[in-house]
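Reckoned from all heavy atoms, side chains included, excluding hydrogens, waters and symmetry mates. Computed from a prediction, not measured in an experiment: that's the story for all the values here.
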Amino acid sequence: MDIGGEHQIPAAREAVWRALNDADILRRAIPGCEALEKISATEFNARITAKIGPVKARFKARIQLEDLDPPSSYTLTGEGQGGVAGFAKGAAKVRLVDQGEGASVLKYEAEMRVGGKIAQVGSRLVRGAARKTAAGFFANFVAILGESA
């Protein structure tokens, strides 16, 4: 399943880049994120609770940053295990583009696969949950950046 989009962020590209690599900011911005630990410059471990249709699960995930081109782009790859609820795997290409003075646009293209009970709820519900999570992330992320401005 593929999803993508773009979001305008009222902060300079360099500030957005720093925030996208800050474990505390990401933990606060990701809906359902209970823990996010940076284990190296390019690896994170996370614990996230997600609800997809009737299935609610706590995922343990490992996320890696690849193809880094600071402060312009990277690729996130990850895999999460949710016990009997199933698994999720995916990758997202993230690009930051200057949008005038003090503003940026974050563009992303993601592909993901799910298995187990999650896959049984149907791709429409999974896609809807992914879009809702992305919208929540951007709302939280912009609010957090606004706090530090």
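- Every residue two or more places apart in sequence or in another chain that forms a side-chain hydrogen bond (donor to acceptor under 3.5 Å, both in side chains) with E79 is listed here: Q81.
- Looking at D98, its side chain never comes within 3.5 Å of a backbone N or O of G100 through a donor-acceptor pair.
- Looking at every heavy atom in both residues, A85 comes nearest to A57 through CB-CB, 3.3 Å.
- Counting only heavy atoms from C-beta outward, the side chains of I9 and V105 never approach each other to under 4.5 Å.
- To the nearest 0.5 angstrom, K56 atom NZ is 6.5 Å from T49 atom OG1.
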Practice task
Determine, step by step, whether F141 and I25 satisfy the side-chain contact (heavy atoms from CB on, under 4.5 Å) criterion, reporting the C-alpha distance in whole Å, the side-chain angles of both residues, the deciding distance to 0.1 Å, and the verdict.
Solution key: CA-CA 7 Å; F141 188 74; I25 290 173; 4.0 Å; yes
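- Here the CG atom belonging to L76 is positioned 10.5 Å from the CG atom belonging to D67, to the nearest 0.5 angstrom.
- Scanning both residues, Y108 and A134, for their nearest heavy atoms gives OH-CB, 3.7 Å.
- With a 4.5 Å cut-off on side-chain heavy atoms, L145 and P10 do not count as touching.
- Side-chain contact check for L20 versus L96: some heavy-atom pair is nearer than 4.5 Å.
- Taken from CD1 in I3 to CZ in R131, the straight-line distance is 7.0 Å, to the nearest 0.5 Å.
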Practice task
Decide yes or no on side-chain contact (heavy atoms from CB on, under 4.5 Å) for T77 and I63, but give the supporting numbers first.
Solution key: CA-CA 6 Å; T77 60; I63 302 152; over 6 Å; no
Practice task
Take R28 and E147, measure what side-chain contact (heavy atoms from CB on, under 4.5 Å) needs, and give me the verdict at the end.
Solution key: CA-CA 12 Å; R28 292 169 48 208; E147 292 171 4; 2.6 Å; yes
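- In the hydrophobic cluster analysis, where Ile, Leu, Val, Met, Phe, Trp and Tyr join through side-chain heavy atoms closer than 4.5 angstrom, I48 is grouped apart from V114.
- Between L26 and F137, some side-chain heavy-atom pair lies under the 4.5 Å cut-off.
- At a threshold of 4.5 Å between non-hydrogen side-chain atoms, the residues M112 and K89 do not count as touching.
- For the atom pair CH2 of W17 and CG of L106, the computed distance is 10.0 Å after rounding to the nearest 0.5 Å.
- To the nearest 0.5 Å, atoms CZ (R95) and OG1 (T75) are separated by 10.5 Å.
- Of all heavy-atom pairs spanning E34 and R27, the tightest one is O-CD, 4.3 Å.
- Linking Ile, Leu, Val, Met, Phe, Trp and Tyr whenever their side-chain heavy atoms come within less than 4.5 Å puts V121 and M1 in one cluster.
- Hydrophobic clustering (side-chain heavy atoms under 4.5 Å, transitive across Ile, Leu, Val, Met, Phe, Trp, Tyr) keeps F87 apart from I118.
- Residues meeting the side-chain contact (heavy atoms from CB on, under 4.5 Å) test with R62, sequence neighbours left out: I39, E43, N45, Q64.
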Practice task
Decide side-chain contact (heavy atoms from CB on, under 4.5 Å) for L65 and F44; before the verdict, give the C-alpha distance in whole Å, the side-chain angles of both, and the deciding distance to 0.1 Å.
Solution key: CA-CA 9 Å; L65 308 179; F44 295 87; 4.0 Å; yes
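- Heavy atoms only, all atoms of each residue included: L36 and A23 are closest at CD2-O, 3.5 Å.
- The number of heavy atoms from other shown groups lying within 6.0 Å of NZ (K60) does not exceed 12.
- For the pair N140 and A29, the tightest heavy-atom approach, listed with the atom from each and the gap, is ND2-O, 3.0 Å.
- A salt bridge is absent between E37 and R47: the closest approach of a Lys/Arg side-chain nitrogen to an acidic carboxylate oxygen does not fall below 4.0 angstrom.
- The aromatic rings of F138 and H7 sit parallel to each other, their planes meeting at less than 30°, with 60° as the upper class boundary.
- Proximity of a side-chain donor or acceptor of D69 to a complementary backbone N or O of S72 within less than 3.5 Å is not detected.
- Among all heavy-atom pairs drawn from S104 and R13, the shortest one is OG-N, 2.9 Å.
- Distance check: E109 CD to E6 CD gives 10.5 Å after rounding to the nearest 0.5 Å.
- Within 6.0 Å of the NZ atom in K38, the count of heavy atoms belonging to other residues, nucleotides or ligands exceeds 12.
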